[in-house]
Amino acid sequence: MRGPVVVVGDTLLDRDVEGVVSRLCPDSPVPVLDETSAVDRPGGAGLAAVFAAAQGADVVLVTALADDAGGARLSALLAAAGVQVYPLSLSGATPEKIRLRARGRVLLRHDRGGASGEPGQPSDEVLRVLAAASAVLVSDYGRGVARQPALRAALAATRAPVVWDPHPRGPAAVPGVHLATPNESEVRELVPALPGASRLATASRGAQGLRRRWRAGAVAVTLGGDGALLCHAGSTPLVVPTPGSAEGDTCGAGDRFAAAASLALAQGALVSEAVQVAVAEASAYVAGGGVATALPPPEQSFPPVRRAETNRRPGSAYGVAGPGGERVGVAAVATLLAEVRGAGGTVVATGGCFDLLHAGHLATLQAARQLGDCLIVCVNSDSSVTGLKGPGRPVLAEGDRARLLAALSCVDAVLVFDEPTPEAVLSWLRPDVWVKGGDYATGGPDAVGLPEAEVLRRWGGNTVVVPYLDGRSTSDLIARSAGGRGTGAGGRPQQPVGLVAPVSTTRERTR
């Protein structure tokens with residue numbers, strides 16, 4: 001494959017709540033579900049991207065993420081699955097689908113998130129990655145991403161094979177797609193069936209109608225356990241049966257089908273070959289237990305930490321505010337983002353361990369705050385610091401580090417993240433400016449660029465470096481506290497430098 005497989009579409013947050021039903025509600029004849037476990041995962045286009053990444057493909061997801069806890073959780077889940085997220089802004093809330101299950105059977109699906117929000121404009125980097133794709137999958141869930149005019153123009157212009165997985169509430173496929181993959185019910189909504197027509201006749205008539213309407217190369221109608229029907233330029237459709245029994249949970253089977261077809265086309269398969277591969281993959285997926293067994297539990301990607309230290313919200317990948325921590329956590333950050341962006345302001349962010357807060361940290365934070373209308377500090381969690389720094393670190397627990405930072409007048413909000421790099425949290429925050437203090441941009445021949453620069457380019461953000469105070473080091477502070485002196489620049493013994501205590505908690509906002 002010459003470039004990444006790019007998935008474009010609406011991403012939802014799916015949650016499966018498993019429980020036990022042993023009684024009826026006393027005030028209404030409905031079952032009472034006693035929850036025993038809950039698992040979050042990306043849904044919609046996000047699930048299709050995860051399926052493609054699980055096959056070892058280089059996968060880019062172009063999707064809209066909201067400034068809320070659901071958007072933050074999706075960013076973390078997608079990063080853990082190896083999906084590169086190129087986010088668009090999204091007004092409104094993250095759409096969520098919650099399935100209440102008992103003994104593997106769905107009792108009720110609860111949808112929330114309200115009406116579809118308006119996705120933002122794609123960056124130049126998004127348009128570039130679409131032009132360089134080896135294949136593109138449009139996973140439309142009717143919430144607006146597939147309607148975005150600039151994206152549609154880029155999809156129509158790309159030379160890569162395009163697979164379009166439509167939705168009845170979504171727009172028509174752009175002209176010239178290689179393959180559209182509606183299911184039976186979607187075909188019936190898009191092309192009314194003739195009275196008394198057989199199932200195959202209805203699927204064939206609908207597929208041919210959509211192929212002509214959308215000027216598509218081919219349309220494959222998925223038929224559940226009976227495989228798929230492929231209509232292309234010839235007058236005779238191709239029926240691809242399933243290789244065996246495919247009974248089971250079909251949630252996500254359409255996404256698995258479309259992802260498998262896209263990967264096959266990216267590798268040079270004919271459309272008929274791609275559909276055969278997709279039928280086999282989707283059938284094996286359903287027979288194997290569906291989404292519950294196809295994806296590893298998210299907990300494998302997020303090492304648990306002690307809730308007493310972090311006061312985490314269940315199901316959230318990031319720390320939330322505890323006592324005295326009203327500026328800490330995803331809710332505080334989401335409120336701040338809405339306020340600043342609503343006023344047309346500039347969002348600035350920085351990150352690090354901040355294990356022992358010292359004057360060098362303070363200088364960097366103060367310089368960063370001057371670059372915009374708010375400063376959000378992303379702090380590595382305890383488990384993340386240990387992974388980066390080794391046993392014995394951090395010295396201060398993440399809750400204490402977050403509260404100390406939030407008390408500084410130059411800091412507007414603090415977010416704790418678990419991953420070793422801030423890629424996931426940056427994909428959710430989408431800061432206009434990412435700031436680091438250090439020698440990344442000295443101009444010398446051995447200068448190292450900021451590793452976050454490539455991530456910021458995905459939405460048109462910028463990375464900058466600000467000067468740091470020479471000779472200030474957390475490691476030196478730790479060494480001196482253990483009886484050593486530590487060294488400053490050039491190996492010179494350094495005079496003790498105290499920890500920073502916030503001299504003022506007055507909020508100096510310039511929004």
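We're numbering straight along the sequence, starting at 1. Quick note: numbers below take in every heavy atom, side chains included, and nothing from hydrogens, waters or symmetry partners.
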Checklist entry - Would you find a donor on one side and an acceptor on the other, under 3.5 Å apart, between the side chain of D382 and the backbone of E398? => result yes
Checklist entry - Are T11 and Y141 close enough, and set up right, to give a side-chain contact (heavy atoms from CB on, under 4.5 Å), and what steps lead you there? => result CA-CA 8 Å; T11 299; Y141 272 73; over 6 Å; no
Next on the checklist: Tell me if a side-chain donor or acceptor on S139 pairs with a main-chain N or O of G9 at a distance below 3.5 Å.
Outcome noted: no
Item to check | Set of side-chain contact (heavy atoms from CB on, under 4.5 Å) partners for D14, sequence neighbours left out | outcome: L12, R41, K97
Checklist entry - Do S262 side-chain atoms and V163 backbone N/O form a donor-acceptor pair below 3.5 Å? => result no
Checklist entry - Do NZ/NE/NH1/NH2 and the carboxylate oxygens of R147 and E118 come within less than 4.0 Å? => result no
Checklist entry - Between R457 and V455, is there a donor-acceptor pair closer than 3.5 Å when you use the side chain of the first and the backbone of the second? => result no
Item to check | Residues T94, D68; criterion side chain to side chain donor-acceptor pair (under 3.5 Å); working and verdict | outcome: CA-CA 7 Å; T94 297; D68 59 10; 2.6 Å; yes
Next on the checklist: For the CZ atom of F354 and the CG atom of L405, what is their distance to the nearest 0.5 Å?
Outcome noted: 5.5 Å
Checklist entry - Under 3.5 Å, is there a donor-acceptor pair between the side chain of W428 and the main chain of A66? => result yes
Checklist entry - Would V348 and C374 count as a side-chain contact (heavy atoms from CB on, under 4.5 Å) if you check the C-alpha gap in whole Å, the side-chain angles of each, and the deciding distance to 0.1 Å? => result CA-CA 6 Å; V348 182; C374 71; over 6 Å; no
Checklist entry - Heavy atoms, side chains only, cut-off 4.5 Å: are R99 and V17 in contact? => result no
Checklist entry - Does V145 offer a backbone N or O that forms a donor-acceptor pair with the side chain of D10 under 3.5 Å? => result yes
Checklist entry - Is it true that D67 and R341 have a side-chain N and a carboxylate O under 4.0 angstrom from each other? => result yes
Checklist entry - What is the minimum heavy-atom distance between P119 and L90, and which atoms define it? => result N-CD1, 4.3 Å
Next on the checklist: Looking only at the aromatic ring of each residue, does the gap between the centers of Y285 and F257 stay below 6.0 angstrom?
Outcome noted: no
Checklist entry - Given side chains that start at C-beta, do those of L61 and V8 come closer than 4.5 Å, heavy atoms only? => result no
Item to check | Check: G372 main-chain N/O paired with R369 side-chain donor or acceptor under 3.5 Å | outcome: yes
Checklist entry - With a 4.5 Å heavy-atom cut-off, do P161 and V136 have their side chains touching? => result no
Next on the checklist: Between L426 and W434, does the side-chain contact (heavy atoms from CB on, under 4.5 Å) criterion hold? Intermediate values first, please.
Outcome noted: CA-CA 9 Å; L426 285 175; W434 174 253; 3.4 Å; yes
Checklist entry - Distance-only, no hydrogens or angles: does the Q148 side chain make a donor-acceptor pair with backbone N or O of L151 under 3.5 Å? => result yes
Item to check | Of all pairs that satisfy side-chain hydrogen bond (donor to acceptor under 3.5 Å, both in side chains), the ones with a partner from residues 122-132, not counting sequence neighbours | outcome: E125-R128
Next on the checklist: For D355 and R393: C-alpha separation, side-chain torsions, deciding distance, then whether salt bridge (Lys or Arg N to Asp or Glu O under 4.0 Å) applies.
Outcome noted: CA-CA 8 Å; D355 197 358; R393 299 286 296 273; 2.6 Å; yes
Checklist entry - Should L429 and C378 count as side-chain neighbours, where that means a heavy-atom distance under 4.5 Å? => result yes
Next on the checklist: Donor-acceptor check, side chain of D432 to backbone of V347, threshold 3.5 angstrom: yes or no?
Outcome noted: yes
Next on the checklist: Checking V6 against L137 for the side-chain contact (heavy atoms from CB on, under 4.5 Å) test, could you report, in this order, the C-alpha distance in whole Å, the side-chain angles of both residues, the deciding distance, and whether it holds?
Outcome noted: CA-CA 6 Å; V6 180; L137 167 58; over 6 Å; no
Next on the checklist: By the salt bridge (Lys or Arg N to Asp or Glu O under 4.0 Å) test, which pairs, at least two apart or in different chains, include something from residues 253-262?
Outcome noted: R256-E281
Item to check | Beyond-backbone contact of L357 with L408, side-chain heavy atoms, under 4.5 angstrom | outcome: yes
Checklist entry - Does D373 use its side chain to pair, donor to acceptor, with the backbone of T346 at less than 3.5 Å? => result yes
Checklist entry - Heavy-atom distance under 4.5 Å between the side chains of L456 and N462, does that happen here? => result no
Checklist entry - Looking at side-chain heavy atoms only, is the closest gap between P422 and F417 below 4.5 Å? => result yes
